[in-house]
Amino acid sequence: MPPRRGYRSRPGRPSPARRNGRASAEAAAPVATAVPPVERDIVIPLALTVRELAERLSTTPIDIVKELLKNSIVANINQTIDYDTAAVVATDLGFNVVEAPIVEVSPQELRGRRYREEEAAHLRERPPVVTVMGHVDHGKTSLLDVIRQTNVTEREAGGITQHIGAYQVEVDQHRITFLDTPGHEAFTAMRARGAMATDIAVIVVAADDGVQPQTVEAIDHARAAGVPIMIAINKIDKPEADPERIKRQLAEQNLLIEEWGGETICVPVSAKTGQGIQDILEQILLVAEIEELKANPNRRAEGVVVEAQLDQQRGPMATLLVHNGTLRLGEVLVAGDTSGRIKAMYDEHNHQIKRADPSSPAKVLGLGTVPQAGDTFSVVADERTARNMIQDRLRERQLQESHVVRPVTLQDLFAQAQSGQVQELNVVLKTDVQGSIDPIRSSLLKLGDETLRVKVLHAAPGSITESDVMLALASRGIVLGFNSRPEPGARRLADMEGVELRAYDVIYTLVEDVEKALKGMLAPTFVDVVEGHAEVRQVFRLGRRGAIAGCAVTEGRVARAAQVRVLRQGKVVADDKVSGLKHFKDDVREMPAGSECGVSLEGFADFQEGDVLEFYRKERAS
């Protein structure tokens with residue numbers, strides 16, 4: 001196993017030649033290297049082998065090894081070294097080192113890379129992978145239920161999909177793979193982990209209910225992923241169904257259907273009567289043909305983990321979706337940070353199988369631990385190769401963590417654009433009311449130029465949710481709120497993943513900050529660090545002296561020195577300082593989650609039961 005990154009010889013340790021009892025004149029002589037007469041630029045990635053570095057520097061691997069020895073680093077020609085070490089060697093040899101830029105790759109290019117390097121003679125058409133999304137209870141799983149002629153819906157708790165399922169059906173001697181997901185959050189969570197599991201997105205809209213907020217989110221998430229979008233207008237058998245209204249609502253979301261001169265395929269269906277089911281399947285096959293989806297079935301399998309769990313009797317079980325190659329029983333595979341030999345394989349009907357072709361789902365047993373949904377997997381030659389691959393992945397992760405790609409923030413947007421790391425600012429916009437969206441969006445889209453522009457991924461009224469943060473994370477964007485507050489779970493996720501959340505109460509200030517960020521003129525700002533939340537359970541009136549809110553601390557901690565926002569139905573009704581914090585009759589400085597306390601504010605006393613008190617402090621943004 002290669003030495004750990006940053007390994008250096010211990011002080012006073014003799015050289016290999018002296019340990020063998022002889023002094024090497026060659027080692028003592030000056031190192032003969034081909035130093036360029038003038039300084040030249042050389043691009044070095046985060047990690048590369050000694051041999052690869054020698055090729056980049058137009059010298060021999062032996063010369064690189066000698067340079068490393070001069071810096072007390074022992075490495076062989078196949079050893080992987082990090083950027084810092086390679087930069088030292090290159091600089092000593094007269095090169096001007098430039099770190100390899102982080103290049104954004106579109107989802108289409110990611111999918112294309114699955115078979116880009118394959119020989120055309122080995123490529124075969126593969127079934128399309130379709131993800132079904134939409135608003136809750138609009139009939140996503142019922143639609144698949146009809147397609148597969150099974151009854152999955154009744155087995156789900158409350159008729160709502162709880163897990164990702166992968167199913168395959170056959171239509172006119174062609175196969176289609178469906179992913180039935182709990183929603184667009186799971187779809188985007190996989191994309192945030194670098195996994196592109198979908199070729200086509202089908203958005204289900206109920207004809208009697210229309211386009212709902214979750215429908216808009218699903219459309220925006222699919223659009224951000226760059227996959228073709230199809231619309232299934234479900235429940236057209238109902239008397240109150242109004243497909244024309246749905247088409248108008250879709251046009252408002254910039255999805256113009258083919259019937260109206262657009263490019264979006266829209267099919268009216270009924271999961272209850274089966275009407276339109278054959279039509280939508282044929283349209284899926286048509287889109288797949290246009291996309292020219294291909295794979296090489298003769299190579300080792302690779303793909304993505306769509307679901308994983310620990311079976312109490314059989315151990316770790318993972319549902320895999322094969323992107324390329326053919327997965328076979330008995331092969332050794334690496335999935336994320338775990339590996340194992342496939343002991344058993346099952347299809348979606350729990351029938352044992354011996355192989356899974358491209359775009360086919362398979363449940364496998366034999367992994368050492370449970371992988372994460374969204375992990376990529378690949379088949380390797382043997383278990384030793386699997387262990388080495390996992391070690392390489394862990395080592396690469398350490399290297400990446402030491403060269404962290406900073407998330408996009410308004411504060412350093414201009415610098416990242418200048419270095420080529422970003423070319424557009426992806427924005428998720430949440431407002432208090434629908435009427436605020438259009439003026440803000442139109443103002444943002446006017447900013448920037450051909451080198452750096454603003455792209456609004458999703459805009460909707462309401463509070464900032466985890467789904468909004470996940471979309472920004474997957475697209476390397478930020479979340480802007482206008483009179484909109486983040487939910488506690490969204491705040492935690494944003495802090496954990498480094499996604500920037502910015503809240504404004506003046507439209508002009510929001511647009512001005514983005515414009516300054518695009519020009520590199522944004523001044524340092526202060527951010528609000530939320531320390532805890534408390535819910536008002538009872539209000540004690542004190543006459544003219546005001547009121548005390550009897551609260552239960554729901555998360556974090558509440559402190560007497562903090563600022564407090566009073567949130568009522570998600571909207572801020574007051575922002576004030578704490579004047580008193582009591583536990584029964586005692587004055588206290590702070591109270592932890594799970595405790596009860598009395599809170600009074602300096603200038604606000606109009607508490608109501610159900611109000612949420614958000615305790616925070618201001619901190620200068622780094």
Side-chain angles (χ1 to χ4, degrees), residues 1 114-115 118 124 126-127 129 131 148 150 152 155 161-168 175 177-182 186 189-190 193-198 295-397:
M1 185 176 70
R114 296 175 191 161
Y115 56 85
E118 301 289 345
R124 300 289 184 272
R126 64 172 178 83
V129 179
T131 293
R148 295 182 291 115
T150 58
V152 176
R155 296 200 297 268
T161 305
Q162 304 296 313
H163 300 285
I164 296 175
Y167 316 100
Q168 200 166 65
R175 289 179 298 161
T177 301
F178 286 93
L179 296 184
D180 184 16
T181 74
M190 295 180 73
R193 293 178 58 81
M196 289 302 302
T198 303
N296 178 8
N298 300 318
R299 57 166 293 170
R300 289 173 179 165
E302 60 183 15
V304 63
V305 179
V306 296
E307 189 180 41
Q309 62 185 11
L310 181 63
D311 188 287
Q312 297 298 327
Q313 282 76 37
R314 296 182 289 184
M317 175 175 282
T319 301
L320 308 181
L321 179 64
V322 180
H323 284 326
N324 207 359
T326 300
L327 186 66
R328 293 179 173 84
L329 187 67
E331 290 183 324
V332 178
L333 63 84
V334 176
D337 294 336
T338 187
S339 64
R341 187 177 295 276
I342 301 177
K343 299 177 181 177
M345 292 175 59
Y346 304 88
D347 62 13
E348 66 267 27
H349 306 294
N350 284 325
H351 298 151
Q352 285 202 9
I353 56 176
K354 293 184 178 181
R355 54 180 287 168
D357 298 324
S359 296
S360 297
K363 295 180 181 179
V364 302
L365 292 174
L367 291 173
T369 58
V370 179
Q372 296 188 46
D375 280 344
T376 57
F377 78 84
S378 57
V379 171
V380 296
D382 49 41
E383 295 178 356
R384 180 179 179 180
T385 304
R387 289 192 297 268
N388 291 338
M389 182 178 292
I390 292 176
Q391 291 172 358
D392 289 342
R393 287 185 178 182
L394 294 175
R395 187 160 48 246
E396 183 179 352
R397 182 179 302 172

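Since we're looking at a predicted model, the values are computed, not measured.
Atom CG of residue L320 and atom CD1 of residue I342 lie 7.0 Å apart, to the nearest 0.5 angstrom. Considering CZ of R314 and NZ of K343, their distance stands at 12.5 Å, rounded to 0.5 Å.
When atom types are taken as modelled, the side chain of E348 and the backbone of P361 share no donor-acceptor pair closer than 3.5 angstrom. With hydrogens and angles ignored, the 3.5 Å screen pairs no side-chain donor or acceptor of T369 with any backbone N or O of T338. Here the side chain of T177 pairs a donor or acceptor atom with the backbone of S359 at under 3.5 angstrom.
Taking every heavy atom of both residues into account, A308 and P371 meet most closely at CB-O, 3.3 Å. Here the shortest heavy-atom pairing between L365 and P316 reads CD2-O, 3.5 Å. Residues V322 and G325 share a closest heavy-atom pair of CG1-O, 3.4 Å. Annotation for L321 and F377: closest pair O-CE2, 3.5 Å, computed over non-hydrogen atoms. Nearest heavy atom pair, residue A362 against residue A356, reads CB-CB, 4.0 Å.
T385 and N388 are not linked by any side-chain donor-acceptor pair at a separation below 3.5 angstrom, with hydrogens and angles left out of the test.
When the salt bridge (charged side-chain N to carboxylate O under 4.0 Å, His left out) test is applied to R328, no partner is found at least two apart in sequence or on another chain. For R175, there are no salt bridge (charged side-chain N to carboxylate O under 4.0 Å, His left out) partners two or more places apart in sequence or in a different chain.
Just one of T326, N324, V379 meets the side chain to side chain contact (heavy atoms under 4.5 Å, CB included) condition when paired with R299; it is N324.
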Working for side-chain contact (heavy atoms from CB on, under 4.5 Å), residues V305 and Q372 = CA-CA 7 Å; V305 179; Q372 296 188 46; over 6 Å; no
